[in-house]
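Worksheet: the structure to be examined is printed underneath.
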Amino acid sequence: MGKESRKLIANNKKAYHDYFIEETYEAGISLAGTEVKSLRMGKCSIKESFIRIENGEVVIYGMHISPYEKGNIFNKDPLRIRKLLLHRYEIHKIQGKIAQKGYTLVPLNVYFKGSLVKVEIGLARGKKLYDKRQDIAKKDQRREAEREFKVRNLS
């Protein structure tokens with residue numbers, strides 16, 4: 001099977017800052033036609049969104065898909081609750097892990113895989129303030145090292 005094209009629409013950098021991502025899953029998402037057209041134009045935000053499991057279904061809240069300009073009456077509410085499509089065994093596996101203390105589901109990326117819209121979701125554990133500080137310190141060190149390396153190579 002050939003390599004499918006993967007075109008990124010939106011990503012959630014904040015999730016990597018606020019959480020330790022333990023596992024990732026790829027989920028489909030049920031959308032209306034005008035929402036897909038809006039996604040093709042790249043009009044999507046998952047910064048404030050979160051995922052819950054309700055009645056054996058995985059749903060995403062707060063995912064903003066801007067209304068399609070040429071959509072008129074067919075446009076849906078930009079912040080409506082959308083169902084994510086996962087296999088039942090995956091949902092049960094995730095539910096078991098979420099039952100443990102401190103785990104949550106966060107959306108990481110929204111992308112096209114071929115012609116299908118997919119959401120990469122992560123099983124995540126919250127970071128404490130000192131963990132965030134460590135990450136920021138590491139990032140600063142790496143940036144500083146790259147700057148030093150660049151200066152040395154130029155002279």
Side-chain angles (χ1 to χ4, degrees), residues 1-128 131-132 134-136 138-140 142-143 146 150:
M1 193 163 106
K3 188 181 176 197
E4 300 252 1
S5 64
R6 188 172 157 157
K7 182 180 172 261
L8 188 67
I9 302 166
N11 65 349
N12 190 355
K13 291 179 185 171
K14 191 177 166 195
Y16 291 100
H17 183 263
D18 292 342
Y19 300 99
F20 292 112
I21 308 300
E22 308 266 322
E23 288 181 48
T24 59
Y25 297 92
E26 183 179 71
I29 183 167
S30 67
L31 297 169
T34 54
E35 290 176 320
V36 176
K37 289 179 181 182
S38 187
L39 285 173
R40 288 208 186 282
M41 295 165 67
K43 303 217 167 131
C44 176
S45 172
I46 56 171
K47 282 184 177 66
E48 299 299 319
S49 59
F50 59 96
I51 299 170
R52 285 202 179 132
I53 299 177
E54 296 172 349
N55 305 326
E57 292 183 344
V58 183
V59 288
I60 186 167
Y61 290 85
M63 178 178 176
H64 188 278
I65 299 177
S66 300
Y68 183 58
E69 282 95 37
K70 301 177 183 78
N72 58 43
I73 61 165
F74 299 109
N75 280 333
K76 302 279 190 219
D77 175 29
L79 286 171
R80 75 184 180 94
I81 299 166
R82 295 174 179 89
K83 185 176 166 186
L84 295 181
L85 310 170
L86 285 162
H87 291 285
R88 182 151 291 131
Y89 69 88
E90 287 178 314
I91 295 171
H92 291 311
K93 185 178 172 186
I94 292 169
Q95 251 178 335
K97 293 201 173 166
I98 287 181
Q100 294 176 20
K101 189 171 174 266
Y103 281 100
T104 186
L105 280 176
V106 289
L108 302 173
N109 297 317
V110 179
Y111 56 91
F112 279 106
K113 186 174 181 182
S115 62
L116 303 172
V117 179
K118 299 286 184 179
V119 179
E120 185 179 29
I121 60 177
L123 185 68
R125 194 166 35 88
K127 282 186 182 178
K128 303 278 187 267
D131 291 326
K132 292 179 191 177
Q134 285 174 344
D135 281 357
I136 291 168
K138 283 179 190 170
K139 200 181 290 181
D140 287 345
R142 193 179 70 239
R143 198 176 297 128
E146 285 173 2
K150 194 174 181 183

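All heavy atoms count here, side chains included; hydrogens, waters and symmetry mates do not. Nothing here was measured: the structure is a model prediction, and the numbers come from that model.
Closest approach of A124 to I21, counting heavy atoms only: CB-CD1, 3.9 Å. The nearest pair of heavy atoms linking R40 to S115 is NH2-O, 3.8 Å. Looking at every heavy atom in both residues, T104 comes nearest to Y19 through CG2-CE2, 3.6 Å.
Taking CG of L105 as the reference point, atom CD1 of I60 lies at 10.0 Å (rounded to 0.5 Å). With rounding to the nearest 0.5 Å, the separation of CG in N11 from CD in E120 is 10.0 Å. Interatomic distance, OG1 of T24 versus CG of L108, reported as 7.0 Å (0.5 Å rounding).
Under the salt bridge (charged side-chain N to carboxylate O under 4.0 Å, His left out) criterion, R125 pairs with E22, sequence neighbours left out. Listed by chain and number, the residues in a side chain to side chain donor-acceptor pair (under 3.5 Å) with N12 amount to none (sequence neighbours excluded). By the side chain to side chain contact (heavy atoms under 4.5 Å, CB included) test, Y61 pairs with F50, R52, E54, V59, I81, sequence neighbours left out. For the side chain to side chain contact (heavy atoms under 4.5 Å, CB included) test, no residue two or more places apart in sequence or in another chain qualifies with N55. Contacts of R142 classified as side chain to side chain contact (heavy atoms under 4.5 Å, CB included), with partners at least two apart in sequence or in another chain: K139, E146. By the side chain to side chain donor-acceptor pair (under 3.5 Å) test, Y111 is found to be paired with E26, residues two or more places apart in sequence or in another chain being considered.
The closest side-chain heavy-atom distance from V110 to M63 is below 4.5 Å.
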Scan the side chains in residues 83-93 for donor-acceptor partners under 3.5 Å anywhere in the protein, sequence neighbours excluded, and list what turns up.
{"unit_1": "K83", "atom_1": "NZ", "unit_2": "E57", "atom_2": "OE2", "d": "3.3"}
{"unit_1": "E90", "atom_1": "OE1", "unit_2": "H87", "atom_2": "N", "d": "3.2"}

Open item on the list: One pair to check against side chain to side chain contact (heavy atoms under 4.5 Å, CB included): K97 and I94. What are the steps and the verdict?
Closed with: CA-CA 5 Å; K97 293 201 173 166; I94 292 169; 5.8 Å; no
